2 protein chains.
Amino acid sequence: MTGDFRRAHSSAPPAEPIEGEQKGPDVGTRLRELRKMHGLSQRELAKRAGVTNGTISLIEKNSISPSVGSLKKVLDGFPISIADFLTLELKPRKKVFYQAKELREIASGAVSFRLVGRDTRGRAIQMMHERYAPGADTGDEMLSHTGEECGIVVAGVLELTVGGEVRRMVTGDAYYFDSRLPHRFRNPGTVDCVVVSACTPPSF
Amino acid sequence: MTGDFRRAHSSAPPAEPIEGEQKGPDVGTRLRELRKMHGLSQRELAKRAGVTNGTISLIEKNSISPSVGSLKKVLDGFPISIADFLTLELKPRKKVFYQAKELREIASGAVSFRLVGRDTRGRAIQMMHERYAPGADTGDEMLSHTGEECGIVVAGVLELTVGGEVRRMVTGDAYYFDSRLPHRFRNPGTVDCVVVSACTPPSF
DNA sequence: GTCATTTGTTTAGGATACTCAACAGCTTTA
DNA sequence: TAAAGCTGTTGAGTATCCTAAACAAATGAC
């Protein structure tokens, strides 16, 4: 059996191939490279981890998708956490001043997001001038992404939901939270709501 | 069969129990809480993820340890990466919402800096609500420190000097620069100037 | 050269993960 | 009072993971 686990069991019909893992190499390749960086053989790692060398081999060849428990056991042989393992990296003067009209509109309609700077590449912060029309909403679907974000309400009223907690915020109020917590913005008022926000790293 | 996967298969003899997962709740609890934060039922999530509701149930009860492939499929239903999922702080100790009066004043007088959050430790961004009285100035001495900073003028007029370049900015205008460049803020107008700014890393 | 070690790979079979479908409990609608 | 809708749980069967052991190839010792 030289199966490829990406076929994702026998579930969805054709089931489009699962992406490797965020960006970067797949689990098997990551493990192999990390193991070699540590100068270990499959058997040495297997012994430390309390699994068999065959398991290491199968994982590295992507012949199987290890269970979370097994992967943790294997990585404990280094040791390294699963999160670190999956995100590990294996391998002058810009424009300063922007006129209001130069802010780049990246979401027009009931919700307007105007970005400071043409693009966020090479920048640590993404700052935006946001405007929500009455009733406007970032969507039924909760947002969620890596990073941190904060903002101050400059005008109007903002209803902010973060990790299940809902709060009504008025002019001058502010927020700060981990962007991985599901969140949602909505204007429950009758006039435009304006917010200045910042997040890191840039997510658009 | 109500097995507990922590017994880690039939490998190592007693095999001390595998720790939940780094710090914080185990995979099952994390999944359950995250799912509820998103307001989804087991069946809804299962449908999005392309697995059965039974699988979600078994994972959440820690009756099984899902394979990495399966866990990824499940988390794609939100979506969120495995790494973020495992490091997510479920119970945010940090305060998220701040009333205007709660912003911490860190520079009173002609210049007022009001910080979002009591302190910036453990945070990636320092956001401030700044107010400059007419004629107010950050000082004859140019500022300079590591990091990046940006802001949007919310009211009044701001004269900003960065790396020798002086610019008059009005409501709605914005800036972004490397904080190592010497810089200075001044209000050349006759009414208060209000700015919302953000910088990283926090420098106070 | 032969033997001993080490390497990674592969096979068979038992252990576990996963699906399908049935089940019980709760809420809403008729 | 069903009846239909939802919720999460669970049992039986199948697909997959994981181990134990055998294997071939490469390396080093003598």
Side-chain angles (χ1 to χ4, degrees), chain A residues 1-15 17-18 26-77 82, chain B residues 1-15 17-18 26-77 82:
Chain A
M1 204 278 275
T2 315
D4 182 339
F5 78 84
R6 291 201 191 78
R7 286 192 302 109
H9 303 140
S10 60
S11 60
I18 293 180
D26 52 81
V27 172
T29 305
R30 295 188 94 89
L31 179 59
R32 172 153 298 178
E33 297 194 359
L34 186 60
R35 176 173 62 79
K36 297 203 160 166
M37 280 196 229
H38 282 260
L40 298 174
S41 70
Q42 289 182 344
R43 278 181 169 79
E44 285 175 298
L45 174 57
K47 188 175 181 180
R48 292 196 195 186
V51 300
T52 62
N53 59 302
T55 300
I56 305 290
S57 175
L58 293 169
I59 294 173
E60 291 187 353
K61 291 166 61 57
N62 283 314
S63 294
I64 65 175
S65 174
S67 74
V68 173
S70 298
L71 182 57
K72 171 141 182 47
K73 268 174 74 175
V74 170
L75 297 181
D76 280 347
I82 295 182
Chain B
M1 199 279 275
T2 315
D4 182 340
F5 77 87
R6 291 202 191 77
R7 285 193 303 108
H9 303 141
S10 60
S11 61
I18 292 180
D26 51 82
V27 172
T29 305
R30 297 190 92 87
L31 180 59
R32 172 154 298 180
E33 297 198 359
L34 186 60
R35 175 174 63 78
K36 296 199 164 172
M37 280 194 211
H38 281 265
L40 298 175
S41 70
Q42 289 183 345
R43 280 181 168 80
E44 285 175 298
L45 175 57
K47 188 175 180 182
R48 293 195 194 187
V51 301
T52 62
N53 60 302
T55 299
I56 305 291
S57 176
L58 292 169
I59 294 174
E60 290 187 354
K61 291 164 60 59
N62 283 314
S63 296
I64 64 175
S65 174
S67 74
V68 173
S70 298
L71 181 56
K72 172 143 181 41
K73 267 173 76 176
V74 171
L75 297 181
D76 280 347
I82 295 181

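All figures in this text were calculated on a predicted structure; none of them were measured in a lab. Chain A is the first sequence line, chain B the second, and so forth, proteins listed ahead of strands; every chain is numbered from 1.
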### Any B:R35 side-chain nitrogen or oxygen under 4.0 Å from OP1 or OP2 of D:dG8
yes
### Pairing of A:R30 and A:D26 as salt bridge, 4.0 angstrom limit
no
## Note on the structure
Interatomic distance, CG@A:L31 vs OG@A:S57, rounded to 0.5 Å, equals 10.5 Å
### Contact under 4.0 Å: B:S70 side-chain N or O vs C:dA17 OP1/OP2
no
### Query
Rounded to the Å, how far apart are A:I59 CD1 and D:dT16 P?
17 Å
### Query
Side-chain N or O of B:S57 less than 4.0 angstrom from OP1 or OP2 on D:dT10?
no
### Message
Could you tell me how far apart A:K72 (NZ) and D:dC18 (P) are, to the nearest whole angstrom?
### Response
15 Å
### Message
What is the separation between atom CZ on A:R32 and atom C1' on C:dG8, rounded to the nearest whole Å?
### Response
8 Å
### Summary
Among D:dC18, C:dC18, C:dT7, the one nearest any side-chain atom of A:R43 is C:dT7
### Message
Measure CD1/B:I64 against P/D:dT16 and give the value in whole Å, please.
### Response
15 Å
### Query
Under 4.0 Å between a side-chain N or O of A:Q42 and OP1 or OP2 of C:dT9?
yes
### Message
By nearest atom, which of the nucleotides C:dC18, D:dT10, D:dG8 is closest to the B:K61 side chain?
### Response
D:dT10
### Summary
Rounded to whole Å, CD of B:E44 lies from C1' of D:dT7 at a distance of 11 Å
### Distance in angstrom units between A:I56 CD1 and D:dC17 P, rounded
15 Å
#### Entry: Any N/O donor-acceptor pair, A:N53 side-chain to C:dT7 base, under 3.5 Å
no
### Task
Would you indicate, yes or no, if C:dT6 has its OP1 or OP2 atom less than 4.0 angstrom from a side-chain nitrogen or oxygen of A:S41?
no
### Summary
When rounded to whole Å, the NZ to P distance for the pair B:K47 and C:dC18 reads 22 Å
### Message
Please report the distance, rounded to the nearest Å, between CG in B:L58 and P in D:dT10.
### Response
9 Å
### Query
Are the side chains of A:R32 and A:Q42 in touch, meaning some heavy atoms are under 4.5 Å apart?
yes
#### Entry: Taking every non-hydrogen atom, the tightest pair across B:I59 and B:P66
CD1-CB, 3.8 Å
#### Entry: Cationic N near anionic O, under 4.0 Å, B:R35 to B:E44
no
